[in-house]
Amino acid sequence: MKKLMTLLLMAFVCVGLHAQTKSDLPNVTIKNLDGKDVNISTLSNNGNPIVLTFWATWCGPCIKEHNALNDVYQDWQDETGVAIYAVSIDDSRSTAKVKPTVEGKGWEFNILLDVNSDLKRAMNVSNPPHTFLFDGTGKLVYQHTGYFEGAEEDLYEEILKVAKKKK
Amino acid sequence: MHKHILFILALALTFSFRASAQSFLENSQVSGSFQTDAQYYMLDQGIGITDLNGKKFGINGFGKLNYTNGNFSAGIRFEAFLPEMNGFRSELNGVGLANFFASYDNGFIGMTVGDIYDQFGSGLVFRTYEEWSLGMDNALRGARVVFRPTKGVTLKAVYGRQRYYWAPYLERDFAADDYRGIVRGIDADWDLNQSIPALNESKFKMSLGGSFVSKKQFDQSSFYNIPLNVGAAAARINLGYGGFAFSTEYAYKVNDPSAINNFIYKEGRAILSSLSYSQKGFGAVLQVKRVDNMSFKSMYTGKQNNLDINFIPPINYTHTHSLPSMYTYSTQPNGEMAAQLQINYTIPKGTALGGKYGTKLAFNMSQVNDIVRDSVAFGNQIGLNEPGTLGYTSKFFAISNHRFFRDINFEIDKKIGKNWHLTAQYINLYYDIETIEGHAGAPVVKANIAFLDATYKINKRQSLRLELQGLWENEVYAGYEYEESEKKDYQKRGDWLAALLEYTITPHWSFSIADKWNYGNPVPEFRDHYFTGSVSYIHDATRIMLSAGRQSEGVVCVGGVCRTVPASSGVSLTVSTSF
């Protein structure tokens, strides 16, 4: 009996030890386009990679980057299951323009609103665009600032490294 | 027997302690960022820099560290201005710990002590924020409590004193020019869709909010009777149904005589509303705003861009190309009425006009006029805006003929074939430079602006980008007759041409050369070229940018990143990284 208890205790402790999965997604709550609260630390994509991109309606390179990402998003999703969350750092000057901009440009990403720059501060973003890649467990594996023509290809190579084998 | 139990307990305790210590360490996360912007200034007779005033260098830098562990987080930001770069306030000169905080938030209750950035609603009565590229930081040093009693309900309370460059926060240390008050605020937000289960999945969206903010200030005036407490309140509502969204916020402030409003005792009001409709491929938004005597600062003598408790957003289009961004509108807190309409439409792929990739169109129009002010007394015994009086009365819906600003622009964005990408925009601008920039007597800027931005992909790794811009003023041009004594008001006026060529090697390198030419300035000696060359290197989250040449004021976007820069001549270096 004692031995069983010991084993149970040990097992419990061990499980406790191994249940610690470290996620780099910060405990910050912002809103989505429907006004719903989204805690970033709870984002999950069934073990597939997550891309967080910071942008603003007034940032030219960001618009270029997102137009380029949108062109390939469907293919990327089919091949790797990746989910892109585009975090707008527009403040009250331009928050109302975010949804019409996103819809008008036909972007398919999940859009989040960081009106008070809480997530921007927590993730140490200085200037948009700034792109983060998390693997299926929420571990930060790659980040990149700025956008150059064709840079989405490099992001995709990084996504392929952490994506679960699909084919 | 007992020995065994004790042994097991001890073992379990040891393990669980080790487990918690280990999980504590495993959950510990440190992240941060660094940035240094440095400039070496040179004399440049050509653009009127004949004296550096003993300042050859300007260096702005910060280092920021964040620590998080589960629900706990803390951070510090160290800043150095040695000395500050040109265009930044000289009070920033110095080095020190500018910002720190510690916070615990378990979702039900959150507490923060230290420097707080937050906003209530759209910020009409309270917003603290930091904008490095502008040297602007009005953080509230104090405490904040956030309470979420039930899903969809958020209650907040803040208390503290705002950052004023490097001024100490203790009351007893007040300098003669620093009479900052204490700011206190509460806010409630109720999202009906999250708190009422029946509405969780409804197409109908509704949220309500309200806030109250007050400042307690110190009357230092021997002439005016400055109120000890000034309160401001705001109420807001957001509604949505399918593709439609409507939101509005109304704010009211009691009498608040200040240097900005010329010490009048009138109440302040502001309203900001927006209505939008969007569906895949189409989006439209209409915004209207009315501001009446709504400057709200925690130091009533302040006139600069600091110690603002509230934020009145300019709602016009934000231009990022260098010529249109020379004339950027800023909010007139003493009174304005503004409207803005933006339409985005994508002509679908596969249609005659849409082509293979679709064609993106955008239209934007914004206009700002003054409010109408009437005398507070019959027979005009009291002049408008007379200090120490109620100032004026203003009809809510009356719009003055005095136009501050108008911007009508149209943009087309098209990918042609696999290798070409074109963006073109036409802008018609009206800019009352006398009101917005304080150039008394200077004629209004009425201009047509056009740009073409063409990117050619040489191959997978390399691309070339050419940007051509022109700005043509209708009334002020080469040959315009000006008063010799007002010559300096014509700096940057008249016609401009600008070109930029950028060569990028993805993912690391970007090389660019650019010239801006004020060829049509009425004053011959201001017809200058602003030539710059720059190289930038990006590796993951590190960016190094070196540039040399002349820079005129505006927003510059090179190497995929935008920032605002003041006029200068010389060499500048920016290094930034985050981890």
Side-chain angles (χ1 to χ4, degrees), chain A residues 2 5-6 9-10 13 16-17 20 22 24 26-27 29 34-37 39 57-61 63-65 67 71 91-97 99-106 115-118 121-130 142-151 153-154, chain B residues 4 8 12 15-16 19 22-23 26 31-33 35 64 66 68 71 117-119 122-123 129 191 194 205 207 238 245 274 276 278-285 287 313-315 318 320 342 344-346 360 455 457 460 463 504 506-507 510 538 540-541 543 557 559-563 576 578:
Chain A
K2 291 278 133 47
M5 267 183 72
T6 315
L9 266 169
M10 297 281 283
V13 169
L17 271 174
Q20 309 295 337
K22 184 186 162 187
D24 292 321
N27 179 21
T29 300
D34 289 334
K36 273 212 175 105
D37 291 334
N39 188 316
T57 57
W58 43 262
C59 162
I63 303 289
K64 278 189 183 169
E65 177 182 33
N67 280 337
D71 287 344
D91 60 25
S92 52
R93 270 181 297 178
S94 45
T95 327
K97 292 175 192 157
K99 194 174 180 189
T101 302
V102 167
E103 296 278 13
K105 294 192 183 296
V115 182
N116 192 37
S117 291
D118 292 325
R121 267 191 299 279
M123 298 190 71
N124 303 299
V125 172
S126 298
N127 293 300
H130 195 129
Y142 175 73
Q143 58 173 313
H144 192 268
T145 182
Y147 175 71
F148 290 161
E149 201 69 32
E153 296 300 326
D154 296 293
Chain B
H4 280 290
I8 291 161
F15 267 85
S16 57
Q22 193 154 351
S23 75
E26 278 186 9
S31 64
S33 58
Q35 182 166 333
K64 179 179 164 233
N66 274 350
T68 59
N71 293 332
Y117 295 111
D118 206 340
Q119 80 177 59
S122 52
Y129 68 109
D191 181 349
Q194 290 187 76
K205 314 274 179 209
S207 70
N238 299 302
S274 74
S276 71
S278 45
Q279 62 175 62
K280 201 96 276 168
F282 177 82
V285 57
Q287 281 177 292
I315 54 176
T318 310
T320 51
Q342 177 164 324
N344 287 86
Y345 176 63
T346 300
K360 294 182 168 68
T455 306
K457 235 173 148 167
K460 251 189 142 175
S463 59
T504 53
T506 307
S510 158
I538 294 180
D540 296 346
R543 183 168 63 96
C557 295
V561 177
C562 298
R563 77 178 186 97
S576 73
S578 60

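We name chains A, B, ... by the order of the sequence lines, and we start the count at 1 in each one.
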Just wondering, do [Y] and [X] contact through their side chains at under 4.5 Å, heavy atoms?
X       : Y       : result
K97(A)  : N344(B) : no
H130(A) : S578(B) : yes
H144(A) : I538(B) : yes
S276(B) : K99(A)  : no
F148(A) : S463(B) : no
T68(B)  : N27(A)  : no
T101(A) : Q342(B) : yes

Interatomic spacing from [atom1] in [X] to [atom2] in [Y] - rounded to 0.5 Å:
X       : Y       : atom1 : atom2 : value
T318(B) : W58(A)  : OG1   : CH2   : 8.0 Å
D34(A)  : S207(B) : CG    : OG    : 11.5 Å
S92(A)  : Q287(B) : OG    : CD    : 9.5 Å
S94(A)  : I315(B) : OG    : CD1   : 11.0 Å
K360(B) : N67(A)  : NZ    : CG    : 4.0 Å

Atom group of N39(A) that falls short of 4.5 Å from chain B, counting heavy atoms: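 Looking at N39(A), nothing touches chain B.
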Chain B contact via V115(A) - side chain, backbone, both or neither, heavy atoms under 4.5 Å: both
Full working for side chain to side chain contact (heavy atoms under 4.5 Å, CB included) between T506(B) and E153(A): CA-CA 9 Å; T506(B) 307; E153(A) 296 300 326; over 6 Å; no
Counterpart residues, salt bridge (charged side-chain N to carboxylate O under 4.0 Å, His left out), relative to D118(A) (two or more places apart): R121(A)
Those residues that, when tested against D540(B), pass salt bridge (charged side-chain N to carboxylate O under 4.0 Å, His left out) (two or more places apart):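 Salt bridge (charged side-chain N to carboxylate O under 4.0 Å, His left out) check on D540(B) returns nothing, list empty.
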Heavy-atom distances under 4.5 Å only: say whether [X] touches chain A with side chain, backbone, both or neither.
X       : result
K457(B) : side chain
Y129(B) : neither
A284(B) : backbone
N71(B)  : both
S576(B) : neither
D118(B) : both

Pick from D91(A), D71(A), T95(A) with the largest number of heavy-atom pairs that fall under 4.5 Å of chain B: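 The candidate making the most pairs under 4.5 Å is D91(A).
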Backbone N/O of G104(A) and side chain of T346(B): donor-acceptor pair under 3.5 Å: yes
Whether N116(A) side chain and Y117(B) backbone form a donor-acceptor pair below 3.5 Å: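 A pair under 3.5 Å: yes.
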Shortest non-hydrogen contact from [X] toward [Y]:
X       : Y       : answer
N66(B)  : A122(A) : ND2-O, 3.6 Å
R93(A)  : P314(B) : CG-O, 3.1 Å
Q279(B) : E103(A) : O-CB, 3.4 Å
P100(A) : V285(B) : CG-CB, 3.8 Å
P507(B) : D154(A) : CB-OD2, 3.6 Å

Options S122(B), S31(B), G123(B), G32(B), ranked by heavy-atom pairs under 4.5 Å with chain A, top entry: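 Option with the greatest count: G32(B).
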